[in-house]
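Every chain is numbered from 1, with letters handed out A, B, ... down the list of sequences.
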Amino acid sequence: MRQGLNEKQLEAVRCTEGPLLILAGAGSGKTRVLVHRIAHLLTEKNVEPWHILAITFTNKAADEMRARVDGIGAEGAQDVWVATFHATCVRILRRHIDRLGFDRNFTIYDTDDQKTLVKNVFKALNIDTQTLKEKNVMRVISSCKDVLQTPEEYAAEAVGYREELIAKVYAEYQRQLKKNNALDFDDLIVKTVELFGACPEVLDYYRERFRYIMVDEYQDTNTAQFRLVELLAGRYHNICVVGDDDQSIYKFRGANIENILSFEKCFPGAAVVKLEQNYRSTGNILDAANEVIRHNRGRKDKRLWTSREGGPKIVLRQYPDAGAEADGVIRAIRDECADGDYSGCAVLYRTNAQSRLLEERCVTLGVPYQLVGGVNFYQRKEIKDIVAYLKTIANGRDDLALLRIINVPKRGIGAASMEKMGIYARANGLSLWEACTRAKEIPGLGKTGEKILAFTEMIAAYRMRVGSGEPLGDILDSLVNETGYLQELQQEGEIEAQTRLENIAELKNKAVAFEEAYRAGDAGRNMPEAGEEPLEVPLLDAFLEEVALIADIDRYDESQSKITLMTLHAAKGLEFPRVYMTGMEEGLFPGMSSINAEDRTELEEERRLCYVGITRAMDRLTMTFAKCRMVKVETVWSKASRFVEEIPDELLEKHLLERDYGAGAFDDDEDGGFSGCFGAGKGGGYPGRAGRYSEERPSGYGSVGYGGVTGYAGGGYGSRGSSSSYRRGFGRPKGSGGGASAAGGASAAGGKPAFGREFKVTRAESLDYGPGDRVSHMKFGEGTVREVKDGPRDYEVTVEFDTAGTKVMMAGFAKLKKL
DNA sequence: TCGAGAATTGTTTTT
DNA sequence: CAATTCTCGA
């Protein structure tokens, strides 16, 4: 065995038979252990590689593991099955789902598709969206699936009108999915479990196949995933799970911490190995982490330690407001990285909304950054449009994809016509696509029928081209250029069009790279089953699958010399020499709802999130918080997060504001200030929009709601009134996008601007035209330049065209010619 | 059928 | 406040 493993790690590696729980603290080298364990199985135990299954949660983790397993150098290492839960299930289902009455080329619906489907169901069942919100229903359905609850089971337990209604929606939703030959994300797991239940011989096959199973990040598994693993391990019981109960931060999406806490009960005779030596962080950082997490109850007993004693103290900084915080943090980073190397720095925050200020500051201070998360690349409109084209080309059964693009770009096929098509399709048991190919036979369409037919012919032509092996990249180009998609994009506005085209170009890159890998035979998804013929997956289908299962975190690239901006959740599993945790404020982190929840575990989950954040840091950790911050429309005053308070003073180097800075009087009673905030919320002071909350909500969420968050609302300080009215004074003409939007936003709170913004650094003219000049544009013809503004990327030019109206466009993109 | 303006609504966190 | 969804007039 390779050296360099500590005693405990070796123990975990060598314990190959029977159930094993590895409690792996943050930074304790669990991936190494897993990889070594696989190597040990292959080389020492002579286990056949196809008898080994390693499951992860993210593609990134899977890729990393894949690379390291391949790097073992053992013969056949590439036949070890390494994949995410979802990918594993897709692979199994592609082979056997016909037994559940689905077609094997089913499509996978993402969140947007789900929402559309729920909307359709609402329509079909005549449900008013005021009565029931799509989002809430989706959440309910998803949590049902997390625990393997079928529509029938849910209906049986449903109490009250609302739940009974949801039960109906759930049932209909599943019916529609089946009709569309589609599965949503959760279904991938659920259907696999269902398959195993319904077909013992299939389960049997996989039990034999996977004699050694390893699950990473086990604390994140939900009940369905647990069940899946339990089924697979049902014969050989060689199930090794790795996790850390202190890093369980996905309860909201169904992760069941009990899975790890009672592993030994579920798998009798399980061995337990604790990895407590941390190889990542300094002693101070680790002490802080331990001190914080100590406040949680019901954890597995363990305490991380390191040989790296001491280290710099944790820096704690307070700022007058969120803008100043962003400015201070980014400025500090810029100063630290004077050598121009920005890698190794991460700025973490609780909510995605906080990223905006940080991003802005990076732009103005010229600090290169990479933002992880936010809007998923594959959820952007243009990407979804193109992907919908591909889906339609690949699989005529996806009604949603078809509906999405049949009138994009505009083809004069409106909702009304498609409504008729839908009725016809339903009446005749056809998919929407099939109905479209018969548009001629359908009454009442008028000449729209011809347009629909023309559309189907176009798709059919693409189908031919794909079938004949034309490269995906070319197909994509053709889709963008020849369907008129590009033209329509450009009409919408040049600024938009530019980024959208960039995104589409990125998709194309992805497709080209994928095709290359596919042709080389290592596109991964069609790994051969042992002893059976490999499952042939056509290129386009394989690509769509890849796209469907990709998440944004997978796009984080550590090799770049850029600072990383991301949520605490996204940071899990990563490490950085320097970490900044921002927004360490009571009410934001931990969030209001967790503070007010009577369920103590909500707060504990927040605390675990904090623990995750702290333990990302290797050498230096900075925590920052702001005295006040805009939350939605109002300004909120907060004090430091309780998590900060839980760190002993001797570990901290504090830089706090003087007591009477800014908001002044509020500071006078330290506790009163904040509890006043709760009081106001509890007292029932809705900010006058109570009607919005008519839908039932879980108690404990109740009356506090947003009212509680918005500072002293109703508490007698009048802060919200003053701040928002002050703000209103800045009202700017809508849509004109004048400079005021960039420069005027300095904090109004307390009347002290936090810092001057410097957005309007207009560089020396590098354009050969300016306001007042006559220019011409390829498409819009001639016009007069009204304004030239320096945007974040390029000059934004406003042109009043003689015939096409006034447009704002990016100079580099518009290619205006001076006349 | 379609666009622009109005109304509504939302903040956790995501595979 | 911003982003999305809705509604109404042409």
Classify [X] by what it touches in the nucleic acid, base, sugar-phosphate, or nothing, heavy-atom distance under 4.0 Å.
X: A:D186; answer: nothing
X: A:F252; answer: base
X: A:S417; answer: sugar-phosphate
X: A:K251; answer: nothing
X: A:N407; answer: sugar-phosphate

Candidates [options] - which lies nearest the side chain of [X]:
X: A:A353; options: B:dT14, B:dG10, B:dT11; answer: B:dT11
X: A:K119; options: B:dT13, C:dT5, B:dT9; answer: C:dT5
X: A:H86; options: B:dT14, B:dT15, B:dT1; answer: B:dT15
X: A:R356; options: B:dT11, B:dT14, C:dA2; answer: C:dA2
X: A:T58; options: B:dT11, B:dT13, B:dT15; answer: B:dT15

Within the structure, does a side-chain N or O atom of [X] lie under 4.0 Å from either OP1 or OP2 of [N]?
X: A:K410; N: B:dG3; answer: yes
X: A:K135; N: B:dT8; answer: no
X: A:K115; N: C:dT5; answer: yes
X: A:N352; N: B:dT13; answer: yes

Rounded to the nearest Å, what distance is computed from the [atom1] atom of residue [X] to the [atom2] atom of nucleotide [N]?
X: A:R253; N: B:dT13; atom1: CZ; atom2: C1'; answer: 9 Å
X: A:I55; N: B:dT15; atom1: CD1; atom2: P; answer: 17 Å
X: A:L183; N: B:dT15; atom1: CG; atom2: C1'; answer: 15 Å
X: A:E134; N: B:dG10; atom1: CD; atom2: P; answer: 10 Å
X: A:R139; N: B:dT14; atom1: CZ; atom2: C1'; answer: 14 Å
X: A:Q247; N: B:dT14; atom1: CD; atom2: P; answer: 16 Å
X: A:L357; N: C:dA2; atom1: CG; atom2: C1'; answer: 14 Å
X: A:D184; N: B:dT14; atom1: CG; atom2: P; answer: 19 Å

**Message:** Among A:E585, A:M584, A:E586, which residue satisfies the side-chain contact (heavy atoms from CB on, under 4.5 Å) criterion with A:R642?
**Reply:** A:E586
**Prompt:** What interatomic distance, in whole Å, is found between C1' of C:dC6 and the corresponding atom of B:dT11?
**Reply:** 23 Å
**Residue whose closest nucleotide on DNA chain B lies nearer the 5' end, A:T448 versus A:E605** = A:T448
**Complete:** Heavy-atom nearest nucleotide on DNA chain B taken for A:F57 and for A:G412; more 5' hit belongs to A:G412
**Prompt:** Is the A:H86-A:F57 ring centre distance short of 6.0 angstrom?
**Reply:** no
**Prompt:** Planes under 30° and centres closer than 5.5 Å, is that true for A:F85 with the base of B:dT15?
**Reply:** no
**Prompt:** Do the numbers put A:R94 on top of the ring of A:F106, so that NZ or CZ is under 6.0 Å from the six-membered ring centre and no more than 45° off the axis?
**Reply:** yes
**Request:** May I ask you to verify whether the side chain of A:H569 and the base of B:dT14 hold a donor-acceptor pair under 3.5 Å?
**Result:** no
**Residues forming a salt bridge (charged side-chain N to carboxylate O under 4.0 Å, His left out) with A:D113, sequence neighbours excluded** = A:K384, A:K391
**Item:** Residues in side-chain hydrogen bond (donor to acceptor under 3.5 Å, both in side chains) contact with A:Y173, at least two apart in sequence or another chain
**Value:** A:D184
**Request:** Could you check whether the rings of A:H569 and A:Y250 sit parallel, tilted or perpendicular, using 30° and 60° as the cut-offs?
**Result:** tilted
**Asked** Do A:Q354 and A:T351 have side-chain N/O donor and acceptor atoms under 3.5 Å apart?
**Response** yes
